[in-house]
Each structure stands twice: as structure tokens, then as C-alpha cells.
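Have a look at the structure below, then the notes.
Model, not experiment: these values are computed from the prediction.
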Amino acid sequence: MTKRAAVIAIIGGLVLSSPSYADLKLQFFEGAPKDRFVVTNIGSCDIEAAQVEIDFAASKAGLIFDVTGSGAGVEVFQPFEVTQGALLLADRPSISDGDQRVTLNMTGLATTQSIAFTIDVDDTAGTREITIADSEMNGTTVSLRVADKIFSAVIETGAQVTLETPDCAL
């Protein structure tokens with residue numbers, strides 16, 4: 001075996017022996033009149049039926065969902081609307097005006113697949129209640145529940161977070 005072939009074999013063995021992950025990325029995009037969330041499987045294996053929860057309870061700005069013209073939100077409201085991956089959801093989540101938590105019941109999420117939805121998010125602690133700066137998402141918890149396992153991460157900078165899972169044994 002040549003030296004080059006040996007190096008290729010070693011690298012190939014490392015790639016094959018490295019663990020596979022089912023990591024999930026959540027991104028938030030401020031928009032007018034609709035804010036947008038995108039949940040993407042950025043891992044190397046599919047995620048089976050699971051729940052993704054977005055929880056604003058500890059968010060820096062006291063974030064809430066503003067889904068009706070009356071209630072806790074201010075000015076413009078937008079109801080929940082799936083814009084990508086509707087067939088990947090088992091049902092439509094129940095969200096009331098002023099809620100701080102939403103749970104998406106997914107039927108599964110293959111590698112590189114995304115679920116995106118629009119909704120209005122308002123802050124209750126800032127001066128511009130209808131516009132959410134990336135830093136106002138800080139403290140938001142995102143969780144992935146698969147069977148009896150829960151993986152969580154907190155948005156610390158920017159308006160996105162990656163949930164890392166230990167391996168593809170979900």
C-alpha cells in the first residue's frame with residue numbers, strides 16, 4: 001500500500017467511525033408584518049416523530065405571541081401560518097394571544113428538511129414592542145423531545161440556536 005493510499009484509508013476510517021448527529025437549528029427572522037421561525041435538521045441523520053418547543057418565559061424582553069387583534073399584543077397581529085413543511089407537522093399548534101410557548105408536533109424531520117412558520121412576536125419589556133431585535137431573543141429556550149429524551153438550548157446571541165444531540169439513536 002502506498003503512503004497516499006494509507007492516509008486515505010485512515011481518513012476514511014475516521015469519517016466512518018465518527019458519530020452521527022441529529023442536530024436541530026432554530027432561526028428567528030424579524031419581519032413586518034410577520035416574524036418568521038425556521039426549524040432545520042442540520043444533522044447527519046433523520047429525526048423521527050418529535051416535538052420542538054419554543055419558550056419565551058425567560059427571554060430578555062418578555063416576548064409573547066400576538067395572534068389576535070385583542071389581548072396582550074400591540075398594534076399589528078399575525079396568526080400562526082406554516083410556510084414550509086406543513087406535511088411534517090402532525091397538527092396545528094394551539095396558540096393564544098399573549099402565550100409565551102409553542103409546541104410543534106412533528107411527524108419527522110429528515111436531514112436538511114425544514115419547517116418554517118410566520119407569526120407576530122411582541123416584546124413586553126422594551127420601548128419598541130412590535131420590533132424584536134436579535135438580542136431580545138436572548139434567554140429563549142428551545143427544546144427537542146424525542147420519545148423519552150429532551151435536548152434543550154438557550155438563545156444567547158443572535159436570534160438562532162443549535163440543539164446538539166449526542167447521536168442518531170433518537
Not counting sequence neighbours, which residues clear side chain to side chain donor-acceptor pair (under 3.5 Å) with [X]? List them please.
X	answer
Glu81	Lys34
Ser143	Ser152
Thr141	none
Asp148	none

**Request:** Would you please name every residue forming a salt bridge (Lys or Arg N to Asp or Glu O under 4.0 Å) with Arg145, sequence neighbours left out?
**Result:**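 So Arg145 forms a salt bridge (Lys or Arg N to Asp or Glu O under 4.0 Å) with Glu53.
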
**Prompt:** What pairs with Lys25 under salt bridge (Lys or Arg N to Asp or Glu O under 4.0 Å), at least two apart in sequence or on another chain?
**Reply:**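 Salt bridge (Lys or Arg N to Asp or Glu O under 4.0 Å) check on Lys25 returns nothing, list empty.
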
**Asked** Sub-3.5 Å donor-acceptor pair from the side chain of Asp35 to the main-chain atoms of Gly31, do we have one?
**Response** yes

**Message:** Could you check whether any side-chain N or O of Asp46 sits under 3.5 Å from a backbone N or O of Thr111, counting only pairs where one atom can act as donor and the other as acceptor?
**Reply:**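 It does hold such a pair.
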
Results of side-chain contact (heavy atoms from CB on, under 4.5 Å) for [X] - residues two or more places apart only:
X	value
Ser114	Val38, Thr40, Gln84
Ala57	Asp55, Gln100
Ala153	Val161, Leu163
Ala90	Asn105, Thr107

**Asked** ring-ring contact (aromatic ring centres under 6.0 Å, His included) with Phe117: which residues, sequence neighbours excluded?
**Response**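 Phe117: ring-ring contact (aromatic ring centres under 6.0 Å, His included) contacts with Phe37, Phe80.
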
**Residue from Asp23, Ile115, Leu109, Leu88 passing side chain to side chain contact (heavy atoms under 4.5 Å, CB included) with Asn41** = Leu109

Atom pair [atom1] ([X]) and [atom2] ([Y]), whose distance is rounded to the nearest 0.5 Å:
X	Y	atom1	atom2	value
Leu24	Thr165	CG	OG1	9.0 Å
Ile119	Arg36	CD1	CZ	14.0 Å
Gln27	Thr162	CD	OG1	8.5 Å

**Prompt:** Which salt bridge (Lys or Arg N to Asp or Glu O under 4.0 Å) pairs, counting each pair once, include a residue from residues 150-164, with sequence neighbours left out?
**Reply:**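 Listed once each, the pairs would be none.
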
**For Pro93 against Val102, the heavy-atom pair lying closest together** =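 Heavy atoms of Pro93 and Val102 come nearest at CB-CG2, 3.8 Å.
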
